[in-house]
2 protein chains.
Amino acid sequence: MNEAVVLTPERILEATEDVLRRFGLAKATVVDVARALDVSHGSVYRHFPSKASLRDAVAKRWLDRANEPLCKLAIGSGPAPERLEKWLRTAFAIKQKKVCDDPEMFATYLALAQDAREVVEAYKDKQVELIGRILSDGVAQGVFQIDDVKMTARAVFDATVRYHHPAHAEEWAKPECPARIDALLALVLRGLEAPRKH
Amino acid sequence: MNEAVVLTPERILEATEDVLRRFGLAKATVVDVARALDVSHGSVYRHFPSKASLRDAVAKRWLDRANEPLCKLAIGSGPAPERLEKWLRTAFAIKQKKVCDDPEMFATYLALAQDAREVVEAYKDKQVELIGRILSDGVAQGVFQIDDVKMTARAVFDATVRYHHPAHAEEWAKPECPARIDALLALVLRGLEAPRKH
DNA sequence: GCGCTGACAGATTTCAATATCTGTCATACA
DNA sequence: TGTATGACAGATATTGAAATCTGTCAGCGC
């Protein structure tokens with residue numbers, strides 16, 4: 001009854017992530033995953049109905065891990081504008097770090113995002129929900145003036161696509177990027193602000 | 001001395017656009033273009049140093065044509081916020097129309113945009129310049145409050161990438177799109193506004 | 001019985017031979 | 001002299017046969 005030799009979805013995902021990192025999305029096969037686990041590929045199909053579902057599960061794990069620090073930021077306390085700015089900057093930084101450190105997984109994510117698949121949609125919705133939470137706090141604090149929080153959260157997400165959508169990843173390394181991010185965030189934050197009492 | 005049989009860059013571009021439309025970017029060859037003009041492909045190389053330069057020239061023509069109505073809007077008169085909104089909505093509409101009506105040329109443009117090639121950079125800079133012009137008008141009218149017009153124009157361009165960058169074209173047809181555009185534009189315009197005197 | 005195996009059919013990918021294309025240039029023609 | 005040609009070398013794309021992969025399932029061993 002050695003725990004290590006029991007074939008669990010978790011172990012399969014682990015192995016799949018390794019295989020994807022090693023061979024890349026294009027080359028990785030279910031047979032490779034099975035080989036890495038020293039089982040037949042039929043066994044893998046006992047836990048995941050298709051290669052696509054396996055790939056999606058890996059992507060979900062990867063995205064969830066990447067999202068963790070953002071969840072913490074969203075439920076934090078303090079002035080909403082600062083928190084939103086920090087949240088967005090962190091989101092950009094996480095993506096930028098991933099694209100450098102884990103390019104194979106990032107390419108996988110890019111492929112997924114381009115297919116506009118379910119997993120990515122769910123992930124985006126989660127992001128928008130987190131933004132919405134900060135916006136609500138801001139409204140409660142009287143620093144944001146917003147009609148429809150959900151729609152505005154979506155608008156904030158849309159306005160910042162350029163710095164979190166993998167399709168634009170190539171541009172993130174350019175030297176003028178930080179200044180452009182500053183300008184964009186300033187514009188967005190001003191758009192949310194309640195009129196100043198001075 | 002029949003004008004019609006003189007081989008000019010203009011005639012070559014015309015033919016190239018036809019060939020691209022007919023075969024698509026992937027299949028179109030310089031030989032096809034030469035055949036369409038009933039000349040040898042060597043003659044084409046007399047006017048364009050490479051296939052890439054020919055493709056870029058076609059793209060430039062296509063982009064310039066698409067840009068024309070936007071230039072007119074930018075130099076118009078009237079309240080800047082309305083003009084900016086109209087300008088952005090027109091920009092979105094043009095792109096959306098192109099992606100429906102002229103999908104082959106749009107695919108060519110997408111390929112160019114993904115390569116981040118010179119022609120597209122110049123086109124983007126032109127767009128930002130036009131936005132900047134409207135923003136300046138707004139500052140003069142006292143309806144916009146902006147520190148750095150150039151940077152802010154860039155920020156407005158960046159904030160709206162989702163609806164003019166071809167990488168996101170698939171999403172433009174979705175039913176929730178118009179509402180999201182409304183929310184985004186409202187956010188951006190509020191971010192530009194000078195504080196209200198009430 | 002339960003979980004795994006491995007053979008299998010059909011779909012997809014690889015690979016190398018073949019064909020086509022790009023870009024050059026010596027030559028022809030007007 | 002200025003413009004177009006077509007043959008050519010090297011690079012790239014196409015093709016079809018062979019190899020590999022995906023997903024299924026009857027059966028094996030614990």
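Please read all numbers here as calculations on a predicted model, not as lab measurements.
Looking at heavy-atom distances under 4.0 Å, Thr29(B) makes contact with sugar-phosphate atoms alone, never a base.
Nearest-nucleotide positions on DNA chain D for Arg35(A) and Pro49(A) put Arg35(A) closer to the 5' end. In this structure, Ala26(A) and Lys51(B) both approach DNA chain C, and ranking their closest nucleotides by distance from the 5' end singles out Ala26(A).
A ring-centre distance under 6.0 Å is found for His168(A) and His168(B).
In summary, the side chains of Tyr163(B) and Asp158(A) do present a donor paired with an acceptor at a separation below 3.5 Å, with no hydrogens or angles considered.
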Arg61(B)/Glu10(B) under salt bridge (Lys or Arg N to Asp or Glu O under 4.0 Å): CA gap, chis, key distance, verdict: CA-CA 10 Å; Arg61(B) 246 171 63 111; Glu10(B) 188 58 26; 2.5 Å; yes

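Counting atom types as modelled, His41(B) pairs a side-chain N or O with a base atom of dG23(C) as donor and acceptor under 3.5 Å.
A straight line from CG of Asp32(B) to C1' of dA13(D) spans 13 Å, rounded to a whole angstrom. In this entry the distance linking CG of Asp38(A) with P of dG6(C) reads 11 Å, nearest Å. Distance Ile12(A) CD1 to dG3(C) C1': 12 Å, rounded to the nearest Å. Summarising the geometry, the separation between OH on Tyr45(A) and P on dG6(C) is reported as 17 Å, rounded to the nearest angstrom. One interatomic measurement links the two molecules: CZ of Phe48(B) to P of dT24(C), which rounds to 15 Å at whole-angstrom precision. Going from atom CZ of Arg55(B) over to atom P of dT22(C) covers 12 Å, rounded to whole Å. Per the geometry, CG belonging to Leu37(B) stands 11 Å off P belonging to dT5(D), to the nearest Å.
Considering only the side chain of Ser50(B), dG23(C) comes nearest among dT5(C), dG6(D), dG23(C). The side chain of Val30(A) sits closest to dT22(D) out of dT22(D), dC4(C), dA4(D). For Arg46(B), counting side-chain heavy atoms from C-beta on, the closest listed nucleotide (dG23(C), dT5(D), dG3(C)) is dT5(D). Closest to the side chain of Val31(B), from the set dC21(C), dG23(C), dT22(D), is dC21(C).
Proximity of Lys27(A) to the phosphate of dC21(D): no side-chain N or O atom is located under 4.0 Å from OP1 or OP2. For the OP1/OP2 pair of dA4(D) and a distance below 4.0 Å, the side-chain nitrogens and oxygens of Ser43(B) include no atom meeting the criterion.
A donor-acceptor contact shorter than 3.5 Å links the side chain of Thr90(B) to the backbone of Lys86(B).
Between Val143(A) and Leu192(A) there is no side-chain heavy-atom pair separated by less than 4.5 Å.
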